Amino acid sequence: MRTRVYLVVLALVAAGLVGWRACGGGQESEGGVTPELAGTWRTTSPGYADRYLEIGSQEIVFGQGEEGEARYPVLGVVRTSGPDDRAQFNLRYRLDAITEAEGKLEVLVGTSGLRIASQPGVLWTVER
């Protein structure tokens with residue numbers, strides 16, 4: 001008897017989550033690179049002034065100063081609502097075509113610029 005009650009409660013919770021998600025709860029959408037995300041992003045922060053991040057519809061480029069640059073094909077972009085009305089993006093890109101390894105970059109984009117989640121103290125501004 002207890003197992004049935006548990007299964008019914010679990011089914012109701014699952015149905016509620018599906019309905020919440022279908023009605024826009026979670027504010028997540030997957031798609032391509034949006035205009036607010038696209039462009040060449042640069043910073044004047046010490047240690048990164050010779051670096052850049054270029055986000056295009058098909059490719060993401062990490063400018064690495066004297067080391068050159070690393071180019072990867074974009075696989076997908078998931079947008080969610082971030083803190084303080086900033087848009088949060090999770091970009092997936094292909095690191096290696098042979099192993100099909102993927103990379104992930106999480107960023108917040110607001111009116112002041114872009115911040116990479118792993119470097120919250122560095123503000124990047126776009127050149128269009």
Side-chain angles (χ1 to χ4, degrees):
M1 179 69 170
R2 206 176 245 191
T3 303
R4 270 194 217 173
V5 170
Y6 176 74
L7 289 174
V8 169
V9 169
L10 185 61
L12 289 172
V13 169
L17 288 173
V18 168
W20 176 71
R21 178 83 175 199
C23 292
Q27 300 294 313
E28 183 177 293
S29 63
E30 183 165 6
V33 173
T34 66
E36 66 191 309
L37 187 58
T40 301
W41 298 87
R42 299 189 184 273
T43 184
T44 57
S45 293
Y48 297 99
D50 65 340
R51 312 285 170 140
Y52 66 90
L53 175 64
E54 184 178 318
I55 302 171
S57 62
Q58 301 293 317
E59 186 175 56
I60 184 168
V61 180
F62 296 93
Q64 302 170 333
E66 291 181 9
E67 298 170 23
E69 59 187 27
R71 296 175 168 271
Y72 303 104
V74 172
L75 297 175
V77 179
V78 175
R79 179 187 177 150
T80 59
S81 297
D84 304 325
D85 294 329
R86 290 180 287 176
Q88 179 174 331
F89 295 92
N90 292 306
L91 286 90
R92 290 184 314 108
Y93 53 94
R94 174 80 60 221
L95 285 172
D96 184 334
I98 296 172
T99 64
E100 297 189 7
E102 292 184 14
K104 182 179 171 185
L105 181 68
E106 183 178 327
V107 298
L108 290 170
V109 179
T111 55
S112 61
L114 177 145
R115 292 190 189 273
I116 299 172
S118 63
Q119 305 166 343
V122 180
L123 179 64
W124 300 79
T125 55
V126 69
E127 298 175 349
R128 298 203 197 269

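As the structure is a computational prediction, the values presented were derived from the model and not from experiment. One is the number of the first residue; the rest follow in order along the sequence.
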Is the terminal nitrogen or CZ of Arg94 (NZ for Lys, CZ for Arg) located under 6.0 angstrom from the six-membered ring centre of Tyr72 and within 45° of that ring's axis?
no
CG on Leu123 to CZ on Arg42, rounded to 0.5 Å:
14.5 Å
Would you check, one step at a time, whether the test side-chain contact (heavy atoms from CB on, under 4.5 Å) holds for Asn90 with Lys104?
CA-CA 7 Å; Asn90 292 306; Lys104 182 179 171 185; 3.8 Å; yes
Decide, yes or no, whether a salt bridge links Arg71 with Glu69 under the criterion of side-chain N to carboxylate O below 4.0 Å.
yes
Please determine whether residues Leu95 and Leu105 belong to a single hydrophobic cluster, defined as Ile, Leu, Val, Met, Phe, Trp and Tyr linked transitively by side-chain heavy-atom distances below 4.5 Å.
yes
Between the main-chain N or O of Val33 and the side-chain N or O of Ser57, is there a donor-acceptor pair closer than 3.5 Å?
no
Taking all non-hydrogen atoms of both residues, which atom of Arg115 and which atom of Gly121 are closest, and how far apart?
NH1-C, 3.8 Å
CG on Leu75 to CD on Glu100, rounded to 0.5 Å
9.5 Å
If hydrophobic clusters are built by linking Ile, Leu, Val, Met, Phe, Trp and Tyr wherever their side-chain heavy atoms come under 4.5 Å apart, do Trp41 and Val74 end up in the same one?
yes
Test of understanding: clusters of I, L, V, M, F, W, Y form through side-chain heavy atoms closer than 4.5 Å, transitively. Do Ile116 and Tyr93 belong to the same one?
yes
Give the C-alpha distance, both sets of side-chain angles, the deciding distance and a yes or no for side-chain contact (heavy atoms from CB on, under 4.5 Å) between Phe89 and Val78.
CA-CA 6 Å; Phe89 295 92; Val78 175; over 6 Å; no
For Arg79 and Gln88: C-alpha separation, side-chain torsions, deciding distance, then whether side-chain contact (heavy atoms from CB on, under 4.5 Å) applies.
CA-CA 6 Å; Arg79 179 187 177 150; Gln88 179 174 331; over 6 Å; no
Residue among Thr111, Leu108, Val109 satisfying side-chain contact (heavy atoms from CB on, under 4.5 Å) with Arg86:
Leu108
Atom CD of Glu127 with >12 non-hydrogen neighbours under 6.0 angstrom
yes
d(Asp50 CG, Gln64 CD) to nearest 0.5 Å is 10.0 Å
Tell me whether Val61 shares a hydrophobic cluster with Trp124, the cluster being built from Ile, Leu, Val, Met, Phe, Trp, Tyr side chains joined at under 4.5 Å.
no
Taking a hydrophobic cluster as the set of Ile, Leu, Val, Met, Phe, Trp and Tyr residues connected by side-chain heavy atoms closer than 4.5 Å, whether directly or through intermediates, do Val126 and Leu114 fall within one such cluster?
yes
Carefully, step by step, assess Tyr48 and Gln119 under the rule side-chain contact (heavy atoms from CB on, under 4.5 Å).
CA-CA 11 Å; Tyr48 297 99; Gln119 305 166 343; 3.4 Å; yes
Identify the residue among Ile60, Leu91, Thr34, Ile55 that makes a side-chain contact (heavy atoms from CB on, under 4.5 Å) with Val77.
Leu91
